[in-house]
Structure formats: C-alpha cells, structure tokens
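Below, chain A is the first sequence line, B the second, and so on; all start at residue 1.
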There are 2 protein chains.
Amino acid sequence: MPTPERTSLADIVGAARDIVEKEGLANLTMQAVAVRVGVRAPSLYKRVRNREDLVRLVTEATVRDLGKQLDAVAVNGDARRDLGELCRTFRAFAHAYPACYRLIFAAGSEASRLDVGSLTAAAASVLRVGMELAGPGEALEAARMITAWAHGFVSMELAEAFNLGGDVERAFEYGIARLADSLATA
Amino acid sequence: MPTPERTSLADIVGAARDIVEKEGLANLTMQAVAVRVGVRAPSLYKRVRNREDLVRLVTEATVRDLGKQLDAVAVNGDARRDLGELCRTFRAFAHAYPACYRLIFAAGSEASRLDVGSLTAAAASVLRVGMELAGPGEALEAARMITAWAHGFVSMELAEAFNLGGDVERAFEYGIARLADSLATA
DNA sequence: ACCTGAACACCGTTCAAGT
DNA sequence: ACCTGAACACCGTTCAAGT
C-alpha cells in the first residue's frame, strides 16, 4: 500500500540552501535537512543520491538564481553603463548569499561538477555585454575577463582578503571603469 | 620520564599538504596524517588544535610558497612585461598545486581566516607592479584589479567553468594585455 | 511507493594511563 | 613530556521491515 509523499526534492534543496546560508556548509548534515523537511534522514536518499549530490543541487539552484538576476539587468544601449550594472548586480548577489555563492566555483571532484547548461545560461548576459564592448571577434575573451575579474573580486572580499586598507567600493568602481576602457579600446 | 618526539609540526603540515594535493581535502583525515608521520591520531593534538587549524596551516604554507614564487619573478624594468611574468607565475603555481591553491580564498569561518601577514607578503610583488603601472595614487586599486582578475581566472579554470570553447591560453594573454593597457593609461 | 529503526563504518576529539 | 588505547558523540549510508 503506497505511502503519501511527505516531502519533495524542491523542499529538500530549499532546506539545504537555507542551512548552508544560515549555518554554514559544515552544518549541512542529512539529519539537519531531514528535521527541516519533516522526515528521517534515510528518507532523503529516495530523492538525492548522497550529500555531495545535494550540495551540487544547492549550487545549481544558486547559479540559476544568479543567472536570473543578471538577465533582469536593464539594457541601456550604453555598453559601458550595462557593464557597470551587470557587475554591481553580480556583486550584490554574492553579498546576499555568500555561502551559496562560494560553492559556484569551488567544484573539486567530478561528482560535484555543475551542469554545463546552467553555467552557460548564467553567462549569457555577460557574453552580450562582452560583444557590445569588444565586438564579435573578442566577445568570448572579453566576457571571460569580466567574469574572472568580478568573481575574483567578490571571492577575495568574501574571504576578507582585502586587508591593506583603502576603499573597497572605490576599488570595485575602479575595476569596472578600467574594464570598460580596455575592452572598448581593444 | 620524557618520551622522544616522533614527529614535528613541519612533518604534520607537510604530510597534510601532500594528502590534500594527492587525495583531495575530503581525504585529509587526522588518521591519514597520523599514519604518514608515524604516530597515532590523538598525538597530533599535541601540535595542532584541531583539523580546521591544520587546514589553516596548510593554506598559510601554500600562501607563503606562492609569495616566494612571485618574489622570485625577475624585474625587467618594463612594467608591462613584469605584469605578464607575474600573472603567468601565479597561474603556473595554481596549476601545480590546484587543491591547495583553492584553499587560499575559500576561507569561510573565523577560525580558518588566514594570517594577515602572509597574505600581505604574498601581495608585495603585485603591489610593486601596480605602482609601476598606475602610479602611487592608484597602486592599491591597480594591484587589487590584477589579483582579482588573476585569481578569478584560475579559479574558474580549476572549476572547469570555461565551457564555451575557445582558447583559454589566448583568453589569459588577452586579459594580461587588457590589464596592462588599462592600468597604464588611467 | 515511500518511510522508518536499527545497524555499520568512519571520523574528530578527549582523557586517563603508560613510558 | 610525549604517546597511546579506549571511549564518546556524530555523521553518511544501507537495508530489511513496516504501512
């Protein structure tokens, strides 16, 4: 006789994201997730292969959300201004969900590798601005430069690695301005 | 009656670095370290507070090594050329020790925060090039832009996040060239 | 078909007892 | 002074038994 479902994959991933953000990745235990969704830990294995798989699902949900935020950035027609908006939105997302953001480029083992599609979708807006600024011949290189810089910057911020003083806001705006200059000039 | 020391902190950290690089962070267990240095796991706690502390020590040793490599980059007097050498050395280090490199900007909790001194020392060479390129008024912003881009780039590479094809080597050299242009022009 | 208790292997850590 | 076995709490995961 079938038993009614008492939870769902969406519930489980949602609970996991919450735990990662509020209590840290180390406290994301199967037991903690189970309590939140109202089942016992072994039941989670009906919907999730293992803990590593759950972390991957959390990461992919985060990438999709980031992609949506970047997609929603208004296109001004002014490539320079679009670049600034895009970078600030990217940074704001990382500040809003630092623990989940950190997972995105932390992939180590094969099993934790992200789905290619979700990364590609998230990169679409950046690719468009790269095209606007640098033209079709160097759009990909330009997009990679923008993403690398933006990710590196917020990654260092989140690690509290900017410890030489100075104004971090100013350093971020400085970076946007230099990027716009150099990509458009090239 | 005193017992002779059968290991040392340096031994322990060395073994831990080896394990992280060859078997991954997840396989860095106190037991695995103990076997390598020839004691039982509980003995490690005489020299290391806990596992998290050991990971921090591994990270700091890695930062010091990276700093040494960057310091050893020859100064050509040509800031543009120095920038290229510095970035390529940085990237080569990350490729040589990917698992340990990843730890550097992964710091989450307070206890895993790196010693400020070791980060500052590693940044000295970059700061010098930032000064050469952008002048004293914007040396710090320039150094932050260089570090953010270089870290972001290799971080994405290590995560295999460049999945739109294209030539990654070319994208790296493109980035160096754009950085040199924009920082020197500003 | 889903859920559970019981069980297992494994891990970090503590501590009293050895030398 | 350092090292160890024994012990504890905790975690991921499996599985037979329930409904």
Side-chain angles (χ1 to χ4, degrees), chain A residues 1-60 99 103 106-113, chain B residues 1-60 99 103 106-113:
Chain A
M1 199 196 292
T3 310
E5 311 192 347
R6 288 183 212 173
T7 184
S8 67
L9 183 59
D11 267 6
I12 291 169
V13 175
R17 293 178 77 175
D18 216 50
I19 293 168
V20 168
E21 207 53 71
K22 293 193 173 121
E23 304 172 35
L25 181 62
N27 289 311
L28 177 67
T29 64
M30 301 305 270
Q31 162 74 358
V33 174
V35 167
R36 291 221 188 192
V37 302
V39 298
R40 304 289 178 165
S43 298
L44 300 175
Y45 293 82
K46 281 279 154 182
R47 337 227 173 222
V48 159
R49 200 194 315 265
N50 50 35
R51 183 185 183 273
E52 190 174 20
D53 193 43
L54 179 54
V55 172
R56 189 183 54 73
L57 290 168
V58 166
T59 311
E60 282 181 352
L103 298 175
S109 60
E110 338 241 335
S112 64
R113 191 148 308 134
Chain B
M1 201 196 289
T3 310
E5 312 192 347
R6 289 183 211 172
T7 184
S8 66
L9 182 59
D11 267 5
I12 291 169
V13 175
R17 294 178 76 173
D18 216 50
I19 293 169
V20 168
E21 208 52 72
K22 294 195 173 118
E23 304 173 36
L25 181 62
N27 289 311
L28 177 67
T29 64
M30 301 305 272
Q31 161 74 358
V33 173
V35 167
R36 291 222 189 192
V37 303
V39 298
R40 304 289 179 165
S43 298
L44 299 175
Y45 293 82
K46 282 280 153 182
R47 337 224 173 226
V48 160
R49 200 193 317 264
N50 50 34
R51 183 185 182 272
E52 190 174 20
D53 193 43
L54 179 54
V55 173
R56 190 182 53 74
L57 290 167
V58 167
T59 311
E60 282 182 352
L103 298 175
S109 60
E110 337 242 336
S112 63
R113 192 146 307 136

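Without hydrogens or angle criteria, A/Arg51 side chain to A/Leu28 main chain gives a donor-acceptor distance under 3.5 Å.
In this structure, B/Ile12 CD1 and B/Arg36 CZ are separated by 13.5 Å, a value rounded to the nearest 0.5 Å. Rounding to the nearest 0.5 Å places CG of A/Asn50 at 7.0 Å from CE of A/Met30. Summarising the geometry, atom CD belonging to B/Glu21 is positioned 8.5 Å from atom CG belonging to B/Leu103; distances are rounded to the nearest 0.5 Å. Separation of atoms CZ (B/Arg47) and CG (B/Leu54) is listed at 13.0 Å; rounding is to 0.5 Å.
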request  = Might you work through the side-chain contact (heavy atoms from CB on, under 4.5 Å) test for B/Leu9 and B/Leu57, ending with a clear yes or no?
outcome  = CA-CA 10 Å; B/Leu9 182 59; B/Leu57 290 167; 4.0 Å; yes
inquiry  = Could you write out DNA chain C as dot-bracket? Rules: Watson-Crick or G-U wobble, both distances under 3.5 Å, brackets [ ] for crossings, | for pairs with another strand, dot for unpaired.
reply    = ||.|||||...|||||.||
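At least one side-chain heavy atom of A/Val37 sits under 4.5 Å from a side-chain heavy atom of A/Leu44.
Among all heavy-atom pairs drawn from A/Val55 and A/Thr59, the shortest one is O-OG1, 2.8 Å. Nearest approach of A/Ala34 to A/Ala41, heavy atoms of both residues: CB-N, 3.5 Å.
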task = Let me have a per-nucleotide readout for nucleotides 2-13 of chain C, 5' to 3', with B, S or -, counting only protein heavy atoms under 4.0 Å.
result = BSBBB----SSB
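In the region residues 10-26 of chain A, proximity to DNA chain C at under 4.0 angstrom, judged on heavy atoms, holds for none of the residues.
A salt bridge is absent between A/Glu52 and A/Arg56: the closest approach of a Lys/Arg side-chain nitrogen to an acidic carboxylate oxygen does not fall below 4.0 angstrom.
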